[in-house]
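To start, the structure itself, in structure tokens.
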Amino acid sequence: MALLQGAFPRASLVSSTCFTLETRAKTLRIKACDARLFSTAKARRRQAPRPEDSHPSPSRPKSKLYKDADEAVSDLKDGSIVLSAGFGLCGVAQTIIEAIAKKGLKDLTAVSNNAGLGDHGLAALTKRGQVSRMICSYLGGNKDLEKAYLTGKIAIELCPQGTLVERIRAGGAGIPAFFTATGVKTFVQSGQIPIRQQPPDDGSGKPTIVEPGRPRETRIFNNKEFVMETAITGDVAILRANKVDEAGNCQLKLTTKTYATNMAKAGRISIVEADEIVPIGALNPDDIDIPGIYIDRIVPATAKKEIEIRKIATKEDAGVDTSPAQARRNRIAKRAAKELKDGYYVNLGVGIPTLSASFVEPGVKVWLQSENGILGMGPYPGNEDEIDPDLINAGKETVTLLPGAATFDSADSFAMIRGGHVDVSILGALQVSAAGDLANYMIPGKVFKGMGGAMDLVSNPDQTKIVVATDHVDKNGRSKIVEDCALPLTGKGVVSTIITDLCVFQVDRKKGHLTLTELAEGVSLEEIKSKTDATFNVAPEMKQM
């Protein structure tokens, strides 16, 4: 099989007649380190194959069917950029990942929402040291990968979830870059999230930055600041589908759609593993999620579907107080539920925000949106028989759907979010400032989870009300309500309401100050003052929370 060039087009390099050794070395370093450079599929196909090219080429064989995943990845090379679909362990191409692991490929750049867990998902590659770089939005429970990053063993570019899928969508659509409000006035804009670092060795407690982040260009549109993000393409895209016909037309199921559609379009070659392979014509054209033009290779899926968090409804989920800690969480969630009005479209973050759905008043209908691609999310399954591994929420937990629900890919999901179509978003926090700044994803040098979709969720606070639901103090007794956030920001001046176990603050985002409006039963103003680092005003008429 003819092999084409790597992830970056020859057309982007200057003529070899004007190369110097220094220029060529610099260009090759950029090629090896930056998965963000862009080329269109048409431009790539126009260029003639070169003997030194190291990556597989799209082709038009008589059949797209391959015997197994081993055969489908046989021509993949070290250093490839792999776009890996899935969310948590839902929808991951486990069969193909295991074939890549067995082949022993190394120095891979992996692009994915997250990096799997245990031996599942991309964790099967990262724990073996086969991945040297990652572009992702969230590490989640992958403690091994978090430790590898903090100790300098892997380079990680942290990217907001909605921005990540949009970069991939743009790559497949021939759009080299775009502007977004997500990440403005944060470390994403300034490039202060290090891509590679070494642990401190001088007793200072500060890590050594080996490879810094990339500052973003900014521009003003309609009196609002936006950052520029560049497109992503890859050498190979891997995904899992429910049904695939022999022409490559794919039918996806429920929340397996997250990244699959857009990654299939952005890969030089796209390999799909199918739960069921059917003849051409067996799929209804209206039921096809990915047209066959985007799929190059089809293999049978043999790996078992795994569930990251198998969740079944419990008494705690229904709001039954079973402990002081649960009672405190319920108090916050009950008040947060008051923000959810009849007919609202609502996004709830993991933890206490999710719990608030249990306290929505009878007769109030809200549509819960989950950023991994659900509108009309229902409660946790009532028993094991209701669990579907292809249906999870943004916290990777098994869920159900309500009548009238819809599922879709992450690009559509974040269009709803950034576009202001969601009425209210409730999130947790590490810190919230008096001016409504939010920090909830990172403690430098200690915690590196990733922002997931949080930066996107707070990117349009004029149209989507942002509510924080959190404990008033952290586990060490320190106030989470501060004058100025010391931690990296998720969003600047975005929070309108803060609900804690002790009180409720309203935030004047334009003037940048807090007003205490409600006190929990048995809580005094003096207690709030002693446990709040931020200055605040007191409403003339204090209400009971």
Side-chain angles (χ1 to χ4, degrees), residues 58-73 83-100 112-113 120-121 165 168-169 172 236-267 269-308 372-376 385-392 398-401 405-413:
S59 60
R60 300 292 179 262
K62 291 184 178 179
S63 174
K64 296 181 179 181
L65 300 180
Y66 282 66
K67 178 181 66 175
D68 55 30
D70 292 335
E71 182 184 19
V73 304
L83 311 180
S84 180
F87 190 88
L89 301 181
C90 179
V92 298
Q94 188 67 31
T95 307
I96 302 171
I97 289 172
E98 290 175 0
I100 293 173
S112 184
N113 180 72
H120 306 298
V165 72
I168 296 165
R169 190 201 67 78
V236 60
I238 59 175
L239 58 143
R240 183 163 183 159
N242 184 40
K243 291 183 181 180
V244 180
D245 71 16
E246 294 177 7
N249 295 309
C250 299
Q251 188 180 83
L252 306 175
K253 184 183 172 189
L254 300 171
T255 53
T256 65
K257 298 172 185 175
T258 47
Y259 286 85
T261 303
N262 295 289
M263 285 185 169
K265 299 172 184 178
I269 64 165
S270 295
I271 310 174
V272 59
E273 60 179 78
D275 296 331
E276 184 180 352
I277 300 173
V278 299
I280 293 175
L283 299 180
N284 186 325
D286 281 341
D287 295 334
I288 290 170
D289 297 296
I290 304 175
I293 191 172
Y294 298 115
I295 300 298
D296 300 286
R297 303 176 186 182
I298 306 165
V299 301
T302 58
K304 177 186 174 183
K305 293 180 179 180
E306 299 291 337
I307 297 173
E308 187 163 338
N372 62 312
I374 302 175
L375 187 63
D385 293 338
E386 293 183 18
I387 288 178
D388 188 329
D390 294 326
L391 182 57
I392 63 170
T398 51
V399 292
T400 61
L401 299 178
T407 60
F408 32 84
D409 69 33
S410 288
D412 281 340
S413 181

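Computed over heavy atoms, backbone and side chain alike; hydrogens, waters and symmetry mates excluded.
- Under the 3.5 Å distance criterion, the side-chain polar atoms of D245 are left unmatched by any main-chain donor or acceptor of V278.
- Considering every non-hydrogen atom in both L83 and M263, the closest pair reads C-SD, 3.7 Å.
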R240 vs T256, side chain to side chain contact (heavy atoms under 4.5 Å, CB included): CA-CA, chis, key distance, verdict: CA-CA 8 Å; R240 183 163 183 159; T256 65; over 6 Å; no
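- The residue from I298, V236, I295, D296 that alone fulfils the side chain to side chain contact (heavy atoms under 4.5 Å, CB included) condition with I271 is V236.
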Intermediate values then yes/no, side chain to side chain contact (heavy atoms under 4.5 Å, CB included), F87 and T255: CA-CA 8 Å; F87 190 88; T255 53; over 6 Å; no
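- One N or O on the side chain of E273 and one on the backbone of I96 form a donor-acceptor pair closer than 3.5 Å.
- Panel note: side chain Q94, backbone G121; a donor-acceptor pair is recorded below 3.5 Å.
- The minimum heavy-atom distance between S270 and A264, with the atom names listed, is OG-O, 2.7 Å.
- Counting only distance, with no hydrogens or angles, the side chain of D409 and the backbone of K257 share no donor-acceptor pair below 3.5 Å.
- A pairwise comparison of heavy atoms in A260 and A85 identifies CA-CB, 3.7 Å as the closest pair.
- Here the side chains of F408 and L375 are in contact, with some heavy-atom distance below 4.5 Å.
- Atom-to-atom distance recorded for L65:CG and E71:CD is 10.0 Å, nearest 0.5 angstrom.
- The residue from D388, D289, D275 that alone fulfils the side chain to side chain contact (heavy atoms under 4.5 Å, CB included) condition with K253 is D388.
- Between T400 and E386 there is a side-chain heavy-atom pair separated by less than 4.5 Å.
- Using a 4.0 Å cut-off between charged nitrogen and carboxylate oxygen, D287 and K243 do not count as a salt-bridge pair.
- Between the side chain of S84 and the main chain of S112, no donor-acceptor pair closer than 3.5 Å is present.
- Although no hydrogens or angles enter the test, the distance criterion places a donor-acceptor pair under 3.5 Å between the side chain of T95 and the main chain of T302.
- Closest of all the heavy-atom pairs between G267 and A237 is CA-CB, 4.1 Å.
- Side chain of K64 to backbone of A247: a donor-acceptor contact under 3.5 angstrom is found.
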Worked check of side chain to side chain contact (heavy atoms under 4.5 Å, CB included) between I290 and T261: CA-CA 6 Å; I290 304 175; T261 303; 4.0 Å; yes
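- By the 4.5 Å heavy-atom criterion applied to side chains, I307 and T398 are counted as neighbours.
- Closest heavy-atom contact between Y66 and A72: CD2-CA, 3.7 Å.
- Nearest heavy-atom pair across N372 and T258 is O-CG2, 2.9 Å.
- How far OH of Y259 is from CG of N113: 3.5 Å, rounded to the nearest 0.5 Å.
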Audit row: L391, I374, side chain to side chain contact (heavy atoms under 4.5 Å, CB included) steps and yes/no: CA-CA 9 Å; L391 182 57; I374 302 175; 4.0 Å; yes
